[in-house]
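One structure is given here, and the rest of the page talks about it.
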Amino acid sequence: MSIKAMDFSLRINPSICFTQNPPKLSSKLRFLTVRCSLPLTSDDAATGLAERPWKVADARLVLEDGSIWKAKSFGASGTQVGEVVFNTSLTGYQEILTDPSYAGQFVLMTNPHIGNTGVNFDDEESRQCFLAGLVIRSLSITTSNWRCAETLGDYLAERNIMGIYDVDTRAITRRLRQDGSLIGVLSTEQSRSDEELLEMSRSWDIVGIDLISGVTCNAPYEWVDKTKSDWDFNSNGRDQETYRVVAYDFGIKHNILRRLASYGCKITVVPSTWPAAETLKVKPDGVLFSNGPGDPSAVPYAVETVKEILGKVPVFGICMGHQLLGQALGGKTFKMKFGHHGGNHPVCNLRNGRVEISAQNHNYAVDPASLPEGVEVTHVNLNDGSCAGLAYPALNVMSLQYHPEASPGPHDSDCAFREFIELMKSTKQAA
């Protein structure tokens with residue numbers, strides 16, 4: 001890129017500049033002439049001169065509280081509205097980008113440096129990116145990983161996902177922790193005023209919106225892939241028997257399916273609106289209700305499906321599935337202040353006292369006080385005491401408010417898949 005610049009001359013007295021061994025100059029050359037080139041300002045660019053050689057702020061994040069955050073854009077351009085949530089994971093941004101549970105949300109990464117490992121095509125958690133946008137502090141200018149296939153910026157641009165960087169993510173995170181999750185608008189369109197973007201943020205709400213219908217599959221399909229041997233860390237002691245599982249896709253992650261398959265399950269994945277009668281017709285050994293985005297109260301059809309299946313076969317709920325089970329059992333759910341998003345949440349298993357470090361991604365929780373007698377709270381989040389797991393032995397129900405497959409994240413909770421297998425096995429033997 002050729003750049004025009006404004007030159008100026010500065011006369012310097014060598015005896016002042018050089019405290020030791022100043023250059024010997026004749027009396028006629030007592031001053032040195034230094035020529036400098038200064039980059040042009042935006043006002044200079046408006047007169048037809050060249051632009052600066054570095055990227056300048058060209059995007060805004062406008063929050064509903066009235067704050068405006070200038071940033072630099074990468075990925076796609078345009079204007080997008082979403083709920084801003086922060087994720088405390090130190091790694092695994094590609095799995096986060098492809099987690100359907102982030103539909104309708106801007107994910108702000110608290111880890112300041114993102115993009116240094118690029119992206120690859122083995123770590124996808126779904127068929128596409130469903131999140132509304134990505135907010136980071138520092139975008140890596142280079143990639144260094146043997147699995148890297150392309151840069152993060154190119155990856156997002158190809159999938160029409162907006163991203164911004166060079167924004168104070170620490171300050172925004174503190175604001176979200178104090179005030180709760182906020183609706184925001186990302187825009188690279190200079191023609192839109194701050195007032196217009198602010199009005200957009202205040203006129204949109206994620207509560208009460210059915211986001212599951214936008215992420216679920218269109219038709220049933222069979223899932224056969226297991227966890228690759230390179231990544232399978234817990235392969236000992238598995239039964240050789242095969243269990244038939246129907247998995248409701250509310251936004252299911254691929255690694256949940258891989259872990260189930262690795263534990264000996266033959267899996268049929270069905271859409272979120274799949275009738276309970278059709279599920280029971282195939283006589284499955286168990287049913288999985290998967291993770292998914294948004295408000296569980298906005299999908300009453302899913303709650304009714306859960307109710308029709310309860311007591312017929314063993315069921316396992318994960319995240320959204322856990323919340324739908326809570327409602328189907330007669331409990332209530334509520335929106336949390338800023339939710340749980342990250343791979344480092346401590347959870348206590350109340351049955352054995354074991355503490356698990358878990359991967360979580362949810363903005364809603366089940367109110368344990370609203371649950372009927374017989375429903376047991378099995379896990380508690382140690383950060384805030386919220387319900388992190390349920391069991392109802394009378395109906396062969398188990399659920400977790402977090403991700404036992406932990407992709408990305410720790411593997412402390414992988415034993416939950418073994419518990420589901422044991423639940424199906426004991427029910428099958430008792431039949």
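When the salt bridge (charged side-chain N to carboxylate O under 4.0 Å, His left out) test is applied to Glu189, the partners found at least two apart in sequence or on another chain are Arg192.
Under 4.0 Å is where a charged nitrogen must lie from a carboxylate oxygen, and between Glu124 and Lys253 no such pair does. Ion pair Arg175/Asp65 flagged as a salt bridge, since at least one NZ, NE, NH1 or NH2 atom sits closer than 4.0 Å to an Asp/Glu carboxylate oxygen. Under the 4.0 Å criterion applied to side-chain N and carboxylate O atoms, Glu222 and Lys266 are not assigned as salt-bridge partners. Using a 4.0 Å cut-off between a side-chain N of Lys or Arg and a carboxylate O of Asp or Glu, Lys425 and Asp285 do not qualify as a salt bridge.
Contact of the Tyr155 side chain with the Gln94 side chain is registered, since non-hydrogen atoms from C-beta on lie closer than 4.5 Å. Looking at Thr279 and Ile309, their side chains come closer than 4.5 Å, going by heavy atoms from C-beta outward. Using a 4.5 Å heavy-atom cutoff, the side chains of His254 and Ile256 are not in contact. Contact annotation: the side chain of Leu371 approaches that of Leu390 to within less than 4.5 Å [non-hydrogen atoms, C-beta and beyond]. Residues His340 and Asp384 have side chains in contact (heavy-atom distance under 4.5 Å, counting atoms from C-beta outward). No side-chain heavy atom of Thr268 sits under 4.5 Å from any side-chain heavy atom of Val245. Side-chain contact between Ile357 and Val347: absent, with no pair of heavy atoms (C-beta onward) separated by less than 4.5 Å. Annotation: side chain of Val366 is not in contact with side chain of Gln327 (no heavy-atom distance under 4.5 Å).
Taking both residues in full, the closest heavy atoms of Leu423 and Val397 are given as CD2-N, 4.5 Å, listed atom of the first, atom of the second, then distance. The shortest heavy-atom contact between Arg137 and Asp168 is CD-CA, 4.5 Å. Residues Ala132 and Val81 come closest through the heavy atom pair CB-O, 4.1 Å. For Ser73 against Tyr165, the heavy-atom pair with the smallest separation is O-CE2, 3.7 Å. Contact record, Ser193 with Arg60: C-NH1, 3.7 Å, taken as the closest heavy-atom pair. Closest approach of Pro404 to Ser413, counting heavy atoms only: CB-O, 3.3 Å.
Judged by distance alone, the side chains of Asp232 and Ser229 never bring a donor and an acceptor atom under 3.5 Å apart. Between the side chains of Asn381 and Gln401, not a single donor N or O lies within less than 3.5 Å of an accepting N or O. For the residue pair Tyr93/Asn111, the side-chain donor-acceptor check at 3.5 Å is not satisfied. Between the side chains of His362 and Asn291, no donor N or O sits under 3.5 Å from an acceptor N or O. Residues Ser358 and Gln360 have side chains that bring a donor and an acceptor to within less than 3.5 angstrom of each other.
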(message) Apply salt bridge (charged side-chain N to carboxylate O under 4.0 Å, His left out) to residues Glu199 and Arg202 and explain how you reach the verdict.
(response) CA-CA 5 Å; Glu199 178 60 28; Arg202 291 176 175 174; over 6 Å; no
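Checked options Val215, Leu211, Asn87; the residue passing with Tyr102 is Asn87 (criterion: side chain to side chain contact (heavy atoms under 4.5 Å, CB included)). Checked options Gln105, Met200, Glu83; the residue passing with Ile183 is Glu83 (criterion: side chain to side chain contact (heavy atoms under 4.5 Å, CB included)).
Judged by distance alone, the side chain of His403 and the main-chain N or O of Glu405 form no donor-acceptor pair under 3.5 Å. No donor-acceptor distance shorter than 3.5 angstrom exists from the side chain of Asn255 to the backbone of Arg258, with no hydrogens or angles considered. Checked by atom type and distance alone, the side chain of Ser140 never pairs as donor or acceptor with a backbone atom of Thr143 at under 3.5 Å. Although no hydrogens or angles enter the test, the distance criterion places a donor-acceptor pair under 3.5 Å between the side chain of Thr216 and the main chain of Ser272.
Heavy atoms from other residues, nucleotides or ligands lying under 6.0 Å from NZ of Lys72 number more than 12. Crowding of Arg170 atom CZ: a count of heavy atoms from other residues, nucleotides or ligands under 6.0 Å not exceeding 12. No more than 12 heavy atoms of other residues, nucleotides or ligands shown are found within 6.0 angstrom of CZ on Arg174. For Lys428, the NZ atom sits in a packed shell: over 12 heavy atoms of surrounding residues, nucleotides or ligands are nearer than 6.0 Å. The environment of CZ in Arg354 is crowded: more than 12 heavy-atom neighbours from other residues, nucleotides or ligands sit within 6.0 Å. Surrounding NZ of Lys332 are at most 12 heavy atoms belonging to other residues, nucleotides or ligands under 6.0 Å away. Asn218 CG: 12 or fewer foreign heavy atoms inside a 6.0 Å radius.
Figure legend: cation-pi geometry between Arg259 and Tyr263 absent, as NZ or CZ is not positioned both under 6.0 Å from the six-membered ring centre and within 45° of its axis.
Between Phe86 and Phe338, the two ring planes are tilted [angle within 30° to 60°]. In this structure, Tyr248 and Phe289 have tilted ring planes: the angle between them lies in the 30° to 60° band.
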